[in-house]
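Notes follow once the structure below has been shown.
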Amino acid sequence: MEYLLQVKDLKKYFPIKKGLFSKTVNYVKAVDGISFNIVNGETLGLVGESGCGKSTAGRTILRLYEPTSGEVIIDEIKFTDLDKESLRKKRKDMQIIFQDPYASLNPRLSAGEIIGRAIDIHNIASGKERQEKILSLLDTVGLSSSHYNRYPNEFSGGQRQRIGIARALAVNPKLIICDEAVSALDVSIQAQIINLLEDIQEKYKITYIFIAHNMAVVKHISNNIAVMYLGKIVEMADKDELFDNPMHPYTRALLSAIPVPDPSIKHKRVRLQGDVPSPIDIPEGCRFCKRCPEKTDVCEKIEPELIDLGGGHMVACHNRR
Amino acid sequence: MAEISKDTQAEKKVKNRSSKKPGLGLWKRLKKNKLAMAGLFIVSIIFIVALFAPLISPYDPDKQDVTIRLLKIGSPGHILGTDEYGRDLLSRVIYGARISLLVGFCSVAFGLIFGVILGLVSGYYSKLDSIIMRIVDILLAFPGVLLALAIVSALGPGIINVIIAIGIWSVPTVARVVRSTVLYIKELDYVTAARALGDTDFNIIFREILPNCISPIIVYATMRLATAILSAATLSFLGLGAQPPMAEWGAMASTGRNFIYQAPHLTLIPGAAIIIVVFGFNSLGDGLRDALDPNLKNNL
Amino acid sequence: MGVLLEVNDLKTYFYTMEGIVPAVDGVSFSINKGETLGIVGESGSGKSVAARSIMRLIPSPPGKIINGSIIFNGEDILSKKDKDMREIRGNKIAMIFQDPMTSLNPLFTIGDQIIEAIMIHQKLSKKEAIENAVEMLKLVGIPSPEKRIKDYPHQMSGGMRQRVMIAMALSCRPDLLIADEPTTALDVTIQAQILELISDIKDKFNMSVMIITHDLGVVAGVADKIIVMYAGKLMEYGDVSSIFSSPLHPYTKGLMESVPKIKTEGKRLKSIAGSLPNLTENFKGCRFAERCSMANNMCFLSEPDLTEVDGRQVRCFLYPNGEV
Amino acid sequence: QNNQPTNQPVEQKLTYVSMTDAVGVSPILTNDSASSNVLRGVYETLFMKDPVTGEIKPLLAESYTNPDPNTWVITLKKDIKFQDGTPFTSEAVKYTFEKILDPATASPRASLIKSVDKIEAPDDYTVILHTSETYGIMLTALAHDNLSIVNPAADKAGDINRDATNAGTGPFIFKEWVPGDHITLVKNPNYWQGEPKLDTVIYKVVPEMATAVTMIENGEADFMVSVPPEHLDRLKNNPDVTVTMLEGNPTRYVGFNFEKAPFDNLKVRQAVSYALNRDAYIGTLNGLGYKSKGIIGPRLIGYDKEIENHGYDYDVAKAKQLLAEAGYPDGFKAVLSVGNTDMYMKMAPYVQAQLKEINIDVELNVLDWASYLAHCKAGEQQMYINGWSNVTGDGEELLYPQFYSKSIGASNYSRYNKPEMDELIIKTRVTVDQTERVKYLREANIKFTDDVAWVPMFNDNVTLAARKNVKGIAFESNNEFRLNNAYKE
Amino acid sequence: MLNYIIKRLIQLIPVLIGVSIVVFLMIYLIPGDAAEIIGGPAATADEVANIRIKLGLDRPMHEQYLRYMSGVLKGDLGFSFQTGQPVSEAIKTRYVNTFKLAVFSAVVAAIIGVCAGIIAAVKQNSWFDYLCMSVATLGISAPTFWIGLMLIIVFCVKFKIFTISGFTGQIWTKEGLKGMVLPAVTLGFNSAAMIARMTRSSVLEIIHQDYIHTARAKGLSEKIVVLKHALKNSLIPIVTVIGVNFGSLLGGTVVVESVFAINGIGRLMVQAINARDFPMVQGAVLIVATTFVLVNLITDIIYAAIDPRISYK
Ligand SMILES: Nc1ncnc2c1ncn2[C@@H]1O[C@H](COP(=O)(O)OP(=O)(O)OP(=O)(O)O)[C@@H](O)[C@H]1O
Ligand SMILES: Nc1ncnc2c1ncn2[C@@H]1O[C@H](COP(=O)(O)OP(=O)(O)OP(=O)(O)O)[C@@H](O)[C@H]1O
Ligand SMILES: [Mg+2]
Ligand SMILES: [Mg+2]
């Protein structure tokens, strides 16, 4: 299988500075060594609690944050090694769609201009061709030419999200990172956008990293799912495998927490104690052990590695060997 | 994609309702604000007066005739009376509008050009931030009057130097206002999106960030215009501003204060003119701020 | 099980620059003692306004309750004096809000904020009130509450703050708890904890709960009855199992089908096209007609009334005679 | 508040208001008028000018003789004591003058006795001054406040420029100075001319004229000098205030830079002089100015009525004609430098407007005072407005600083430099025979006036405004006052 | 906290050095010097040269600056060129006057401004609100000198209630207080207006926050909601304006000081620069700048006292 994207032991630490001379006293280990590969045209779902480093991972892959260490290889090119100018040129391969449909569009530019600017940056088209490209992009995301001259404040949340998608598509990317792209939307609109994303993937063979905390949504759209906890991937598998046979206690808790829109099902919940610990003082041993209902002695001492248990089902847990 | 086309149908309504540019909604909100409209009215009148001063004013503002010194308000031929040289006060007040607007606009423009650039650079490049902000601190800690005094002593009193003095005076505050807006805006997703698209820093600063700092800048500029006009008047009062025979309101009020008992109108009228214009700009600025403020918008 | 709250033909309008927004436009429902009512609907459909109307906490101007009655424990809330209303707020009816991050005053300790209500409503001394507050915090599962009571909100996580909010709301043992999207801002795992907590406490105190959400999964788990709101109107109202098993209104159906389900495999999601209509316009037909896949001409011309179908209320021309 | 009649004796406390604070209270180190007003109460000079006649008469001195033109033998009065009780002797005079002449002191008025090269004190009551060149105006110089005699003991004990307690022989003893606010003097009960009637004198600083005037009106202050024209009527019309007005010696003028074209041309200067309507301007001064055509004004030694037949009257036609003759039929552009004080700022637009009538397009160059001084000393100005206030009341103290060639770069702003005029000026200085000296002064006055060295705009009328109940202030034409005999009713 | 304060005080040093360099350059770049002023119009060139030597003005520029600064490091601000008085002494009396005036008017302005602002916010869009805000806008639109002159005309000339020069710097005596009133009102008018506007808008903003809804939902009376919950939260911007205003009050009292004949630091500064009295200008500017920075520091400390989320370690 050919991988479009390979991420190898990617880390992103944010320094915490203090004192008169801004000395770095500590780090927020937002992403603490994650590795995965995505096959061209597939979708990787990335789930986990708030603050576990999903967005940071996404942005670090795009080098919107400079990675602390690790490698990102896209299409055989080592993205992490590019110098500033080549990086700028190469950026069109990877795009991002944001959660907040309000903050993600420049309120001073019309929908057409927003997409047009993306085209201009990489000189993808000009003149009449450019115009046509913008219109066709608008059409692709389900907007019409009448929207061309409208400003973001005249659009609803769902429509804004469509403009954001069109902007990302404008540079013909190979990969799009959807950072909670549907989380802020109402269920009815959410479904529209998910459908749109699927249509686009089919049409252009685009690869997605789909970040979300809603397991059901992720399951719907992904091929594989990675579960993150405190900067690390704790479980990764094919989506059906993951849902049918969750291995990591955290994954189980997550799955059981999903509210089911069916009053007849009263299922048992795995209750987790406490909250996510801070990524500054990461506990020794297994990161999850403080909240884990199944923890053993070894969990507190040794950090488990992510191990393939067969069939690409990878888990980082001492109790699943 | 049947749903999608339907979607757009539904949106047609939105289209009819919405105005084209984001600015038009602003006008609508501004119109509701009585104080702001009063401000706008005043400012427009002053503009017209300043523009057509030679046509409107009954006399040459510098024409002296000591035989008719210190006429009272309502004297025939001189509605607002005359000053100590027998110059027509109305004409001088009319011409004074020109100077006040000139000082206001030029000094604010001066302050804005430098302040905005400093603010943008300092907000966007965190490495330069602390150096620029230290300089700004020094300027801020420096007493304004003294700065004006020094500039005027060095370059000589006069309107241009007043403009420079007041301009320099506003640089640090503009820089701060812009910087804090930039710090906020540069973290917004649309700026990140521009970076993700591979846009250059220059484009990001001037095409993504700057246009979105415009509203605080406009609001600040209107308010600052008011302050600039006031400061110019105060400098003139201290003898550092406009020089004779220039019909500047502050200078007029200042020389007029010597006649405060015999001819109080010499101080009263230019003083009132200052208040009216400054009031105009302040109310307009207030109104703009409210109209541009997303918080208040939602609650109205 | 007597009726605790009865809302009749409630209309709350906002008089804005853009025009009049009928945020809640003739909504009627009731809640029995010990019952949980869920209100669902898209963002902007008027759920929060309906809830705030019950508390009489509509910002005025621009908002105004222009019609209807809200009978709580047999008394009409809308005709009460402000002072009497304060006796009800926090005491008889308590409310918690969507975002625990912004719903607590950042400048006061959580203890302060909890005892405030206790001291006013129960006329207790400060010391007693603190004891009371500690007990409530323990009840909502905050470890070592004696210490945490001196913490400021920013020293707690989102889930803990939401618990504090609940403790605060429960501190005077209200008859009715209104929870306006109490878990939207929380993580899934925390959300599950909070929802469980609300159900537990409801049973313990025999409280009535009105829970507002746009997440159908949430109401399915906790509510007894459900209101589906759309653009200020009540579209469907009935008990939870029947609405989930056989939604009548096309909007309700649309909502249900939009939700990706874990069991149903890989199919394309059904979605409701378009978005909420602009309420300031004088609406003629059914407010949902624009987006309705079953709409016909009549739907654009006049608005359907609520009809009783199968023990539920539905606002749709599909059920002219109360039949499915 | 002071209006109700009381039987109790009135508090003998007099408050003087002025716009500026003193710079110091030592005669050696100051030379401004605000300081002089204080000095005059604390210290005394050897000679003084009679306030009425202008004649120089002995004060601390008893008499003097000139054995030769370069020697001045001065006999001192006996039985005069400094305020601390030490006797006033020739040693004090020697001490004071030597200190002034010491370059390390950097006394700003050292030039007053610069020609003195040796001071002798043969006995306690005799002082002999030897000059290197004849110095005809020795007596006027010795009457200058800045040549007041200081108490050597006090000067050695501390900085009398800041704290002048017991530093003089005068009627009042320095008590307190709150810089920027006020200076307090108290009476010297052992004063040699008899105990003063006032107990306390306060010099209060009020920088805003309108405020100062109001204070006089309200009785918060007792008197002020130099009332500006705008406020004069108010004070005059106030029944509680008496305004005394005298013809004064300060002159206000429009000056030229003789080194810069076109003002090196006599015809141009004459044209300017003809173009200025002085009478009209004086009309705006509310009686605070009077006209004299000469450069040495009526209140100075050296003035004579004949000068009024010289000079130039207002005549625009003539002005234009002269300008044409000078080669400027269409006028020209000029810059008029002004220091930003009220009085000159008022004159400047007037001059500007008047010169416009003869097509001289004047641009005003307004400068703050320090810059103005530097600017004029450097000769950067083309035309300028200034005034000259004479301390000694002698015309020489105008000609020498203003027109003597060696004063270029200092007080000779006009850069006037004509050898024959220099010679005349020196004569007015060195001639010891007073009648002859006055003759030279008159001659100089005519010559300078004819040459339009300045265009005199007006001479000040000096004013003193005091509360009705204040009596006995001796007031002079140079704006100076003495409080020796002042009292309150 | 203590560390933080020390750190801030250390940061003051570069600012002050910067300020002193600016002042120094300023004084030396503008034409005219102290010797000429001391000599006056009649002084001869020799006299002026002697004065220059005495003042050290004949030395090279950097030497003068270094000599001055080494004095400052030893706590010696030097002597006034013009009067020979020790600068520290000259500044002290004036500074105390200005400071008292500024504090007094800031306190009065803050009380009036905050009260008016709260009422206006609570009664938003009422006639009181409109009146208050119109007056406040007028207040920030009127030049200080004009307000001062008008007050004098009304209260000293027409009604003779106050005396113009009554300022003695004493606050605790009746007379002293009386003398403080007019200058304080003149000075405080602008600030009160500004504070009122800021209070109003910040209370209005806070009053729409979620936790205010929570407070109301608890059944608290409107009075408690506003005065406890809303006001405390609005305090940060209010404290900021008060701080900024106070800072500019100290630097900008020249006008009031001359109109009311107050012997303050503003006037001293103007006189000193007019006299090119470098040590005096330098001393005055340094003290004003220090105050400005200290006021900022105090504002920051107040922030921490108000808001537990802000902690300076
Ligand atoms: N620029 C930054 N500087 C310092 N710390 C950061 C920065 N960005 C993120 N962090 C920290 O890194 C951690 C991971 O943040 P991230 O935003 O990636 O989480 P997330 O999984 O996307 O959460 P959410 O679901 O809330 O979006 C958090 O603890 C966050 O506080
Ligand atoms: N203060 C207000 N001023 C003007 N309009 C308002 C105000 N509050 C609410 N509305 C309007 O009332 C309508 C209903 O709002 P409401 O907050 O009840 O929606 P909601 O169903 O709670 O949505 P959400 O899920 O987003 O909370 C909206 O159209 C909104 O614009
Ligand atoms: Mg995120
Ligand atoms: Mg809501």
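Predicted model only: the values in this text are computed from it and were never measured. Chain naming here is simple, since letters A, B, ... match the order of the sequence lines and numbering starts at 1 in each.
Residue with the most contacts toward chain E among C:R52, C:M95, C:M165: C:R52 (heavy-atom pairs, distance under 4.5 Å). Ranked by heavy-atom pairs shorter than 4.5 Å toward chain E, the options C:K83, C:E116, C:M55, C:M168 are led by C:E116. Chain E forms the most heavy-atom pairs under 4.5 Å with one residue out of C:I120, C:L107, C:T102, C:T109, and that residue is C:L107. When C:A169, C:S103, C:G90 are compared by the number of non-hydrogen pairs under 4.5 Å with chain E, C:S103 comes out ahead. Heavy-atom pairs under 4.5 Å with chain C were tallied for E:R216, E:H229, E:E222; the largest tally goes to E:H229.
Only the side chain of C:L57 comes within contact range of chain E, judged by heavy atoms closer than 4.5 Å. Of the two parts of C:Q113, the backbone and the side chain both hold a non-hydrogen atom closer than 4.5 Å to a non-hydrogen atom of chain E. Contacts of E:I306 with chain C are made by both backbone and side-chain atoms, with heavy-atom separations under 4.5 Å. With a threshold of 4.5 angstrom between heavy atoms, C:M85 does not approach chain E through any atom at all. For a residue to count as touching a neighbouring chain, one of its non-hydrogen atoms must lie under 4.5 Å from one of that chain's; by this rule C:R56 does not touch chain E.
One finds the CG atom of C:L124 at 9.5 Å from the CD atom of C:E131 (value rounded to the nearest 0.5 Å). Rounding to the nearest 0.5 Å places CG of E:N190 at 4.5 Å from OG1 of E:T144. Taking CG of E:L220 as the reference point, atom CD1 of E:I212 lies at 9.5 Å (rounded to 0.5 Å). Rounding to the nearest 0.5 Å gives a distance of 9.0 Å between CD of C:Q193 and CG of C:L197. For the atom pair CE (C:M210) and CD1 (C:I93), the distance works out to 9.5 Å, reported to the nearest 0.5 Å. Atoms CG and CD1, on E:L294 and E:I301 in that order, are 9.5 Å from each other to the nearest 0.5 Å.
The backbone N or O of E:K218 lies less than 3.5 Å from a partner atom in the side chain of C:H121, making a donor-acceptor pair.
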